[in-house]
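The block underneath contains the structure these notes are about, expressed in structure tokens.
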Amino acid sequence: MDKKDIKEGLHDGLMIGLGYFAVAFSLGFAAKRAGLAPIEGAIASFFNHASAGEYGLYTSIASLATYAEVALITLIANARYLLMSCSLSQRFDPKAPFFHRLLVGFGITDEFFGVSIARPGTLSPTHFYSCALLAILMWSSGTFFGIWLGNMLPSNVVSALSVSLYGMFIAIIIPPCKKDKVVACAVAGSFALSYLCTLIPHVNELSSGTRTIILTILIAAVAAIIKPVKEESYAA
């Protein structure tokens, strides 16, 4: 183990973790509405440390979705990490044991990918583990305290604080929408189609989880056909 990698990993993990705590705290309110206890939310956050995937998990539970729907929604929401895993796997030392690739794949998030891919040379598992462990613990604790305080605060205060979660999603979608008109159209289309699905006979009888799965696949497929991502974009 390289002490320098550990020190730099903990530094990066702390910076990421501070942001994670704030986001996970907001997600704790969604977990509370889904009926999760603080320790249950912390465990869910530890194993599903992704804002979109976790929000999909909690809203699916709250809407009484089936286990299959919950699993599929979480898989779709987190599918981008499969591409990130493939990209990072090319940065490993060819002699690196397989279990490092497996553990790094489990821990990938947008932020961990960003700090890891930006480092020169081969990927250091020690740096990644140090960064990920601290940040994920802060993420889990944020969810824990979000649920715990949500149980202590009045329901109207919790509802008001829950607005921060929507602010988080707006902050996520606005930058890519400004850069790419196709993404902007896809986001606008998803809003419109989600609303229409609540009005169309028979379709509105489907669970919200099933509607989300169908719309996600449909909109992503149309966007991919209209504007496929060029191969050099992944290399960048």
Measuring from L10:CG to D5:CG, what's the distance to the nearest 0.5 Å?
-> 11.0 Å

Find the distance between NZ (K32) and CD (E40) and round it off to the nearest 0.5 Å.
-> 13.5 Å

Residues that, via side-chain heavy atoms closer than 4.5 angstrom, fall in one hydrophobic cluster with F98 | L102

Separation between SG of C131 and CD1 of I16, rounded to the nearest 0.5 Å = 4.0 Å

From CA spacing to verdict: side-chain contact (heavy atoms from CB on, under 4.5 Å), H202, E205 = CA-CA 5 Å; H202 303 300; E205 296 176 4; 4.3 Å; yes

Joint hydrophobic cluster, F112 plus L103, side-chain heavy atoms closer than 4.5 Å | yes

Shortest non-hydrogen contact from V70 toward S60 | CG2-CB, 3.7 Å

Can you see which heavy atom on V104 is nearest to which on F92, and at what distance?
-> CG2-CZ, 3.8 Å

Linking I/L/V/M/F/W/Y whenever their side-chain heavy atoms sit closer than 4.5 Å, directly or via other members, would I73 and I217 fall into one cluster?
-> yes

Result for ring-ring contact (aromatic ring centres under 6.0 Å, His included) between H100 and one of F128, F106, Y129 points to Y129

Calculate, to the nearest 0.5 Å, the distance between atoms OG and NE2 belonging to S140 and H49 respectively.
-> 9.0 Å

What are the two closest heavy atoms between L88 and S116, and how far apart are they?
-> CD2-CB, 4.1 Å

Rounded to the nearest 0.5 Å, how far apart are CG of L149 and CZ of F144?
-> 9.5 Å

Does one hydrophobic cluster hold both V187 and L218, with members joined at side-chain heavy-atom distances below 4.5 Å?
-> no

Do you know the tightest heavy-atom contact between G41 and T143?
-> O-CG2, 3.6 Å

Hey, what else clusters with Y195 if you join Ile, Leu, Val, Met, Phe, Trp, Tyr whenever side-chain heavy atoms sit under 4.5 Å?
-> L199

Y58 to A34 - nearest heavy-atom pair and separation = O-CB, 3.4 Å

Between Y20 and E111, does a side-chain contact (heavy atoms from CB on, under 4.5 Å) hold up when you go through it step by step?
-> CA-CA 10 Å; Y20 276 5; E111 293 75 20; 2.6 Å; yes

L64, L36: one ILVMFWY side-chain cluster at the under-4.5 Å cut-off?
-> no

Is there a chain of hydrophobic side chains (I, L, V, M, F, W, Y, each step under 4.5 Å between heavy atoms) that links L82 to I117?
-> no

Rounded to the nearest 0.5 Å, how far apart are NE2 of H11 and CG of L134?
-> 11.5 Å

What are the two closest non-hydrogen atoms of A37 and I147, and how far apart are they?
-> O-CD1, 3.7 Å

Please work out whether the ring planes of F145 and F21 are parallel, tilted or perpendicular, with thresholds of 30° and 60°.
-> tilted

side-chain contact (heavy atoms from CB on, under 4.5 Å) between I136 and T109: does it pass, once the steps are laid out?
-> CA-CA 10 Å; I136 290 174; T109 67; 5.8 Å; no

Between the side chains of E54 and S45, is a donor N or O closer than 3.5 angstrom to an acceptor N or O?
-> yes

